[in-house]
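Since the structure comes first, as structure tokens, the remarks are kept for the end.
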Amino acid sequence: MTYIPKRWIQKSIDKNIVREISDKLNLSLATATVLVNRGINSVKAADVFLNPNFFDLENPFLLPDMEKAVVRLRKAVDNKEKVLIYGDRDVDGVTAVCVMYYTLKSLGLTPMWYIPSEEGYGMHKDAVERFATDGVKLIVTVDCGISNFDEISFAKQKGIDVIVTDHHEPQEKIPEDAVAVINPKRKDSQCSFPDLAGCAVALKVAEGLVMSYEKYFNKELIVVDIETTGLHPLFDEIVEIAAVKTKNFVPIDKFYSLIKS
């Protein structure tokens with residue numbers, strides 16, 4: 001057996017920044033060093049990373065199909081439908097189930113949940129059949145589902161809608177029979193970090209669902225900015241006009257023009 005020696009690469013970091021983060025945020029030097037090693041180079045950035053608030057999080061509607069998923073979940077909550085959260089048996093899957101379960105419960109719905117054991121990863125038709133008999137109308141997959149084309153089609157035949165939330169590599173096509181397929185690795189995703197864990201994708205769905213109760217959900221808003229530039233005695237005054245149209249705070253159109261006054 002060939003022995004391959006380990007080759008450690010030690011990063012060179014600014015120890016003054018490490019000490020400042022450690023002192024200002026009351027962290028150990030080891031923790032501050034880990035943060036700096038991962039590109040967090042200021043006290044403010046470290047504080048946001050360790051103590052984020054809702055507005056520090058990236059807009060969940062940058063993920064494809066988020067609007068479709070939220071609308072369907074709102075319908076389930078409003079109509080008190082039977083909802084099943086279908087997870088996976090690893091840590092990521094179990095935590096994703098918990099995120100989705102407690103989010104829906106906080107909105108007045110107590111969903112059912114299912115974590116496979118001996119069956120293996122992903123959705124299984126026998127489980128879908130069993131829950132269809134129980135009257136389930138919506139299945140939300142967490143940490144699985146992106147490759148379950150047949151099972152999702154089977155659920156649709158049984159009168160069950162399926163929302164897929166997953167982080168595994170999608171195939172060239174996504175399950176067309178799903179109501180929504182939320183995956184940061186989709187080619188049409190605008191999410192800045194495609195490597196979210198399954199529980200993080202579930203959290204983004206929870207975030208989008210909570211945001212949908214604000215009055216601006218699904219409303220088109222236009223932000224306009226007008227400034228004067230080119231103020232010089234030899235030139236005309238220039239008026240700069242810019243506008244951005246957004247939906248769920250995601251830009252969908254923009255306008256820009258310079259006008260001589």
Beyond-backbone contact of Leu221 with Tyr216, side-chain heavy atoms, under 4.5 angstrom: yes

Separation between CG (Leu35) and CG (Asn41), nearest 0.5 Å, reads 10.0 Å

Looking only at heavy atoms, the pair that brings Ala242 and Tyr256 closest together is CB-CD1, 4.0 Å

- request: Report yes or no: do Asn218 and Asn248 form a side-chain donor-acceptor pair below 3.5 Å?
  value: yes

Value for CG (Leu27) from CG (Leu50), rounded to nearest 0.5 Å, stands at 6.0 Å

What one should report as the nearest heavy-atom pair of Val71 and Phe217 is CG2-CZ, 4.2 Å

Looking only at heavy atoms, the pair that brings Ala202 and Ala96 closest together is CB-O, 3.9 Å

Next on the checklist: Run Phe131 and Tyr114 through ring pair (Phe, Tyr, Trp, His ring centres under 6.0 Å) and show every step you take.
Outcome noted: CA-CA 10 Å; Phe131 285 104; Tyr114 182 70; 5.6 Å; yes

**Prompt:** Is it true that a side-chain atom of Asn79 and a backbone atom of Glu81 form a donor plus acceptor pair closer than 3.5 Å?
**Reply:** no

Under a single-linkage definition using a 4.5 Å side-chain heavy-atom cutoff for Ile, Leu, Val, Met, Phe, Trp and Tyr, are Val224 and Ile252 assigned to the same hydrophobic cluster? no

*asked:* Donor-acceptor check, side chain of Tyr86 to backbone of His124, threshold 3.5 angstrom: yes or no?
replied: yes

NZ (Lys125) and CZ (Arg130) are apart, to the nearest 0.5 Å, by 15.5 Å

> Is there a side-chain contact between Ile182 and Val164, using heavy atoms and a 4.5 Å cut-off?
Replying inline: no

| message | Looking at Ser22 and Val18, would you say the former's side chain and the latter's main chain have a donor-acceptor pair under 3.5 Å? | response | no

Exercise. Determine the interplanar angle of the Tyr121 and His168 rings, folded into 0 to 90°, and report it as parallel if under 30°, tilted if 30 to 60°, perpendicular if over 60°.
Key: perpendicular

Can you tell me if Lys80 uses its side chain to pair, donor with acceptor, with the backbone of Gly108 under 3.5 Å?
yes

Review point. Run the side-chain contact (heavy atoms from CB on, under 4.5 Å) check on Val142 and Ile85 step by step: do they pass?
Key: CA-CA 7 Å; Val142 291; Ile85 304 168; 4.0 Å; yes

Between the CZ atom in Phe61 and the SG atom in Cys191, the distance rounded to the nearest 0.5 Å is 13.5 Å

Subject >> Joint cluster assignment, Met66 & Ile174, ILVMFWY side-chain distance < 4.5 Å >> reply: no

Is the side chain of Asn148 donor-acceptor paired with the backbone N or O of Glu151 at a distance under 3.5 Å, no angle test?
no

Is the closest side-chain heavy-atom distance between Leu84 and Lys82 below 4.5 Å? no

Quiz item: Considering only heavy atoms from C-beta outward, does the side chain of Asp92 approach that of Asp88 to under 4.5 Å?
Solution: no

All heavy atoms of Ala155 vs all of Val162, minimum pair found to be CB-CG2, 3.7 Å

Original post:
Are Arg72 and Asp161 close enough for a salt bridge, meaning some N to O gap below 4.0 Å?
Top reply: yes

*Would Phe149 and Val128 show up in the same hydrophobic cluster when neighbours are defined by side-chain heavy atoms closer than 4.5 Å?*
no

**Prompt:** Can you find a heavy atom in the side chain of Val83 that is under 4.5 Å from one in the side chain of Met112?
**Reply:** no

Validation row: Val181, Pro64 side chains within 4.5 angstrom (heavy atoms):
no

Tightest non-hydrogen contact, residues Ser189 and Leu63, listed as OG-CD2, 3.8 Å

Is the shortest heavy-atom distance from the side chain of Trp113 to the side chain of Met100 under 4.5 Å?
-> no

The side-chain contact (heavy atoms from CB on, under 4.5 Å) partners of Leu107 (sequence neighbours excluded) come to Val77, Leu209, Tyr213

The test is side-chain contact (heavy atoms from CB on, under 4.5 Å); show your working for Ile163 and Thr141 and say whether it passes. CA-CA 6 Å; Ile163 295 173; Thr141 74; over 6 Å; no

Here the gap from Leu203 atom CG to Leu196 atom CG, rounded to the nearest 0.5 Å, amounts to 9.0 Å

Taken to the nearest 0.5 Å, the spacing of Arg19 CZ from Thr33 OG1 works out to 9.5 Å

- Just by modelled atom types, is the Lys75 backbone N or O under 3.5 Å from a matching donor or acceptor in the Asp78 side chain? no

From the list Asp195, Ile146, Asp143, side chain to side chain contact (heavy atoms under 4.5 Å, CB included) with His167 holds only for Asp143

Shortest non-hydrogen pair, Lys68 vs Ala180, comes out as CB-CB, 4.0 Å

*asked:* Pairing donors with acceptors under 3.5 angstrom, does anything connect the side chains of Ser192 and Glu58?
replied: yes

- [ ] Treat each ILVMFWY residue as a node, draw an edge where side-chain heavy atoms are under 4.5 Å apart, and state whether Val205 and Leu62 are in one component.
- [x] yes

Cation-pi, Phe49 ring and Arg38 (6.0 angstrom, 45 degrees)
no

Do Val97 and Val99 belong together in a cluster built from hydrophobic side chains that touch within less than 4.5 Å? no

So side-chain hydrogen bond (donor to acceptor under 3.5 Å, both in side chains) across residues 171-186, not counting sequence neighbours, yields Asp65-Arg186, Ser153-Asp177, Lys156-Asp177, Arg186-Asp188

Side chains of Asp166 and Val201: does their closest heavy-atom pair fall under 4.5 Å? no

| request: Go through the steps for Val43 and Leu25 under the test side-chain contact (heavy atoms from CB on, under 4.5 Å), then give the verdict. | output: CA-CA 8 Å; Val43 173; Leu25 299 180; 4.1 Å; yes

Would Thr31 and Ser28 count as having a side-chain donor-acceptor pair, cut-off 3.5 Å?
yes

One pair to check against side-chain contact (heavy atoms from CB on, under 4.5 Å): Ile241 and Val239. What are the steps and the verdict? CA-CA 6 Å; Ile241 302 175; Val239 178; 4.0 Å; yes

